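The basis for the numbers below is simple: all heavy atoms, side chains too, and nothing from hydrogens, waters or symmetry mates. Since this is a predicted model, take the numbers as computed values, not measurements.
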Amino acid sequence: LAYRGSVRPYVNFNAKHDAEVLHKAMKGIGTDEDTILMLLTARSNDQRQQIKAAYKKAYGKDLVSALKSELGGLFESLIVALMTPPVSYDASKLHKALKGAGTDDEVLIEILASRTGEQIKDIIKVYKKEFGGKLEKDICGDTSGHYQKLLVILLQGNREEGVDEEKTEKDAKDLYAAGEGKFGTDEEKFITILGNRSAEHLRKVFDAYKKLSGSDIEDSIEGETTGNLENLLVAVVKCARSVPQFFAEGLYKSMRRAGTDDDTLMRIMVSRSEVDMLDIRASFKKMYGVSLYSTIQVTQSSSVYTCAFLAMIMACSCHTGVAIIIDI
């Protein structure tokens with residue numbers, strides 16, 4: 001498979017040299033934020049971990065702590081996120097979503113609906129190691145009902161593989177009978193089918209459902225369910241159809257609100273920069289008729305924080321306030 005991330009491993013990589021550059025950027029009065037931005041956004045996460053090790057060896061200090069003491073605000077949060085291994089980043093976001101008063105359901109839904117089975121299994125291990133608790137137990141303590149059931153199914157990370165042609169028609173009919181075709185809704189049926197079938201199989205089911213009922217499965221879900229269960233089911237459907245489209249929509253919504261939803265913008269940009277950002281970028285342009293690059297440029301103030309995103313989208317660095325571009 002072709003690499004679909006926008007941030008790639010830097011070709012002439014030298015961890016020791018990069019550690020020196022970062023050390024100089026933080027030495028003395030003031031901090032050279034541009035250098036930190038250009039260097040870290042042009043390195044892969046794996047390379048950033050090597051720089052971290054080289055920095056500790058050379059200067060006897062933790063690089064992330066050093067960066068935190070020099071930076072502030074959103075730029076600091078973004079750089080710390082970029083320095084975190086991807087699985088740890090997901091685990092920390094889930095932990096933050098569950099601890100304290102209230103639950104950030106948007107984060108639970110986004111991560112559990114979009115990650116692969118293998119990724120979810122890795123997140124569970126890292127969550128246990130870093131936070132000393134079981135992710136499933138913490139989710140069950142914060143959620144309830146059918147919403148909780150579907151989250152727990154997704155947590156198993158055991159979707160069936162391939163397409164079962166004999167089951168596609170039956171699944172479509174079962175979904176129709178469970179929703180539009182009856183008074184009241186059989187949520188269990190929706191949860192079982194959408195939580196366990198492969199994405200490939202589900203796409204065929206959605207086509208069969210459209211032929212059968214004349215409407216999209218999303219419309220049926222929205223008409224038959226409410227609240228967190230509705231949001232999770234719709235997210236599962238959207239991710240089965242296209243994960244890049246799901247994230248393109250998430251980015252668009254994060255910037256469309258009055259004042260940007262920085263948490264969502266940062267979470268998606270960081271977690272997808274080495275996975276499928278090229279596809280998200282293309283989906284965004286197709287869905288909204290404008291480039292992700294220009295949308296971020298317009299909705300964000302001209303800051304080093306914004307420039308970091310632009311650099312990540314472009315897979316190359318830019319100086320603060322200088323647009324390199326090109327409408328992509």
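Side chain to side chain, S220 and Y176 fail the donor-acceptor criterion of an N or O pair below 3.5 Å. With 3.5 Å as the limit, one finds a donor-acceptor pair spanning the side chains of Y147 and D105. Between the side chains of D138 and H95, no donor-acceptor pair is found at a separation under 3.5 Å.
Q49 places a side-chain N or O within 3.5 Å of a backbone atom of M83 that can act as its donor or acceptor partner. A distance-only check finds a donor-acceptor pair linking the side chain of Q119 to the backbone of T116 [under 3.5 Å]. Using a distance-only test at 3.5 Å, with no hydrogens or angles considered, no donor-acceptor pair links the side chain of E274 to the main chain of V7. Under the 3.5 Å distance criterion, the side-chain polar atoms of T264 are left unmatched by any main-chain donor or acceptor of D261. Remark: the backbone N or O of R43 is paired with a side-chain donor or acceptor of R48 at under 3.5 angstrom. With hydrogens and angles disregarded, no donor-acceptor distance shorter than 3.5 Å links the side chain of D18 to the backbone of L39. When atom types are taken as modelled, the side chain of H201 and the backbone of D164 share a donor-acceptor pair closer than 3.5 angstrom. Not a single donor-acceptor pair under 3.5 Å links the side chain of T192 to the backbone N or O of K189. Under a 3.5 Å cut-off, the side chain of R203 and the backbone N or O of A240 do form a donor-acceptor pair. A donor-acceptor pair under 3.5 Å is formed between the side chain of T225 and the backbone N or O of I221.
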For residues 69-81, please give each side-chain donor-acceptor pair under 3.5 Å, one per line with the distance, not counting sequence neighbours.
unit_1, atom_1, unit_2, atom_2, d
S69, OG, A66, O, 2.8
E70, OE1, T31, OG1, 2.6
S77, OG, G73, O, 3.4

Side chain to side chain donor-acceptor pair (under 3.5 Å) evaluation trace for Y305 with D262
CA-CA 11 Å; Y305 167 68; D262 288 297; 2.9 Å; yes
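Here side chain to side chain donor-acceptor pair (under 3.5 Å) pairs that include residues 240-250, with residues two or more places apart or in two chains, are E218-R241, K238-E249, E249-K253.
Summarising the local packing, NZ of K121 is surrounded by more than 12 heavy atoms from other residues, nucleotides or ligands at distances under 6.0 Å. Summarising the local packing, NZ of K93 is surrounded by more than 12 heavy atoms from other residues, nucleotides or ligands at distances under 6.0 Å. For CD of E166, the number of neighbouring non-hydrogen atoms (other residues, nucleotides, ligands) closer than 6.0 Å is 12 at most. More than 12 heavy atoms of other shown residues, nucleotides or ligands fall within 6.0 angstrom of atom CD in E160.
Following chains of ILVMFWY side-chain contacts shorter than 4.5 Å, one can reach V236 starting from I153, so the two form part of one hydrophobic cluster.
Listed by chain and number, the residues in a side chain to side chain contact (heavy atoms under 4.5 Å, CB included) with V87 are D122, I123, V126 (sequence neighbours excluded).
By the 30° and 60° cut-offs, the orientation of the rings of Y59 relative to Y55 is tilted.
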